[in-house]
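Below, chain A is the first sequence line, B the second, and so on; all start at residue 1.
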Amino acid sequence: MVSKIDLRKRVRIADAQYGEVVLAGFVQDVRVLKNVVFMILRDVSGITQIVFKKGSVPDDVFEEVCSIPRESIVAVRGIMIESSIAKLGREVIPIEFEVLSEASQPLPIEFLNPSVETGLSRRLDYRFIDLRNPRVLAIFKIQSAITGLLHEFFRSRGFIEVHTPKIVAEATESGASVFPVDYFGRKVFLAQSPQFYKQMLMASGFEKVYEIGPVFRAEPHHTPRHLCEYTSIDFEVSYIESYHDVMDIVEDMVVYIVNRIGDICSREFEILNVKPPRMDKGLPRITVREAYRLVESRGYKPTYMEDLDTRGERVFSKAVEEEYGYKAAFLIEFPWRSGSRPFYVMRKLDEPDWAYSFDLIWDGLEITTGGQREHRYDILRNQCIEKGYNPDNFGFYLEFFKYGVPPHGGSGTGLERLTMKIVDLENIREAVLLPRDPERVKP
RNA sequence: GCCCUGGUGGUGUAGCCCGGCCUAGCAUCAGCGGCUGUCGCCCGCUGGACGCGGGUUCAAAUCCCGCCCAGGGCGCCA
């Protein structure tokens, strides 16, 4: 046994009942008075107070407690009692006390300190300490609940969860740059999306698949909403009539999560001091052509036959909120020629300059992209050429469409962007444990 | 990739525009002492910093040049 206090008897602070308890965690604060010491103990579930009274505990323990550095790890066996003086309502009278791991001083970052807020960059350098902050922890508890709800949502609708390769031989589509990787002397790439594989599974007859996994984008973006590695919520479904069927699923998914997360994580929203968002079904679906008019009527000049730019999307969101009363909306029917629309989207039957593609924009931020895919081999191959690619480079992909593939569509949503909107974060880096951006690959 | 802003104790900032009054202020933090119950404890004392390199000047945290780092905007994207 490494410790004299039996850690197997330990309970989380939030679960502790009155009576004898074993608790362990971080020393958040020690307030030393002449004859009494108050120690604030924190674990993943919350905080409590341990009261050491001179005379009631051995003198050597009292001395030790007076000088214990903040953020050390300690264990205590004691009696949890109700207390009318303690603001937390209860406190622990120690019987046995033990330091399990002493923290060095001073701490490299300040946290839990209302008068000093350490900058994000420094916090990320010492993320392992930063994550001790209950406010930071709350973000990841909420994110965990979001992915839990996603699994619930997809499984209840008969989706099969899949895991597609992240090391790929051929650069995907979409224009986003890929990271090259040395693979036993061959040049391969990190997957920038599971797109081709989830479509393959439509050809394989899986009908409905979803994947929540990492994707990699070698774009040197320097913004509060881009990452080089992020988690994509992808799904693909067969036998759709139109891309509206895909949007229906996206809408159900987002509304399902948004309207449940507040109840599941009420404590975490409280810690963050954030009001959980609400979202009603019936999100407006507005064509890009209508959007041009919408933003233009508000004094913003769009470039026709191109996607809305960042500011255009913000103006669009504001206009939608004012005119439709929704903070989120689908932007639909994209210009086919636009660089952001890949060759595999299905073009509008009667107007081939426009594609059955959509974005979900929530309060100015694009959180989802999706659409109906072109499943007819000859047309797909021609579109590939028309977009300027050599079909031979997409040989394995085009093969899927030769031997029978149902009409299908799907979408991809950024988990971190979704998290950002749900907990109202300014910077996407706050929504990842260890963000990867063009400069940062450590820790 | 282009553009803008910024780098001052462990952390967060003031000072820079208008060079000298900076022996660099404040808060937090850390150390010591005091305090019959704290709860953002309080009080006193002590400690610690001008990103790196070069230049201008009698004098540089302050002005100029280069580099490095950080943050933001744009394009682009989830």
Exercise. Examine A:R285 relative to A:F330 and say whether NZ or CZ is less than 6.0 Å from the centre of the six-membered ring and inside a 45° cone about the ring axis.
Key: yes
Exercise. For A:F334 and B:rC76, give me the distance from atom CZ to atom P, rounded to whole Å.
Key: 12 Å
Exercise. Using the ring pair (Phe, Tyr, Trp, His ring centres under 6.0 Å) rule, take A:F97 and A:F52 through it: C-alpha gap first, then chi angles, then the decisive distance, then the call.
Key: CA-CA 10 Å; A:F97 176 79; A:F52 298 86; 5.2 Å; yes
Quiz item: Touch check for A:P114, heavy atoms < 4.0 angstrom, all strands: base, sugar-phosphate only, or nothing?
Solution: base
Practice problem: In whole angstrom, give the distance that lies between atom NZ of A:K87 and atom P of B:rG40. | Solution: 4 Å
Exercise. Indicate for each nucleotide in nucleotides 4-9 of chain B, in 5' to 3' sequence, whether protein heavy atoms under 4.0 Å reach the base (B), only the sugar-phosphate (S), or nothing (-).
Key: ------
Practice problem: Give the B/S/- string for nucleotides 26-36 of chain B, one per nucleotide from 5' to 3', where a protein heavy atom under 4.0 Å of the base yields B, of only the sugar-phosphate yields S, and otherwise -. | Solution: -BSSS----BS
Quiz item: For A:S232, which residues count as a side chain to side chain donor-acceptor pair (under 3.5 Å) partner, sequence neighbours excluded?
Solution: A:D234
Self-check item: Length of the line joining A:E430:CD and B:rG72:P, which is rounded to integer Å
Solution: 10 Å
Self-check item: Rounded distance (Å) that lies between atom C1' of B:rA70 and atom CZ of A:R440
Solution: 9 Å
Exercise. Tell me what A:L415 touches on the nucleic acid: a base, only sugar-phosphate, or nothing, going by heavy atoms under 4.0 Å.
Key: nothing
Quiz item: What distance, rounded to whole Å, do you find between the two P atoms, one in B:rA59 and one in B:rC68?
Solution: 30 Å
Exercise. Select base, sugar-phosphate, or nothing to describe what A:T231 touches, counting heavy atoms under 4.0 Å on all strands.
Key: nothing
Exercise. Look at all strands and tell whether A:E229 reaches a base, only sugar-phosphate, or nothing, counting heavy atoms closer than 4.0 Å.
Key: nothing
Quiz item: Under a 4.0 Å heavy-atom cut-off, which of residues 38-54 of chain A touch RNA chain B?
Solution: A:F38, A:Q49, A:K53
Quiz item: How are the rings of A:F159 and A:F235 set relative to one another: parallel (under 30°), tilted (30 to 60°) or perpendicular (over 60°)?
Solution: perpendicular
Practice problem: Round to a whole Å and report the spacing from CD of A:Q195 to P of B:rC77. | Solution: 14 Å
Quiz item: Which part of the nucleic acid, if any, lies within reach of A:D359 when heavy atoms closer than 4.0 Å are counted: base, sugar-phosphate only, or nothing?
Solution: nothing
Quiz item: Can you tell me how far C1' in B:rC63 sits from the matching atom in B:rC50, rounded to whole Å?
Solution: 16 Å
Quiz item: Would you write out the dot-bracket form of RNA chain B, 5' to 3', with Watson-Crick and G-U pairs under 3.5 Å, [ ] for crossing pairs, | for pairs to other strands and . for unpaired bases?
Solution: (((((((..((((......[....))))((((((.......))))))...(((((..]....))))))))))))....
Quiz item: Across the strands shown, which category fits A:D125 at heavy-atom distances under 4.0 angstrom: base, sugar-phosphate, nothing?
Solution: nothing
Practice problem: May I ask you to evaluate whether A:T310 reaches the phosphate of B:rG75, defined as a side-chain N or O under 4.0 Å from OP1 or OP2? | Solution: yes
Quiz item: Tell me, which of residues 282-298 of chain A have any heavy atom that sits under 4.0 Å from an atom in RNA chain B?
Solution: none
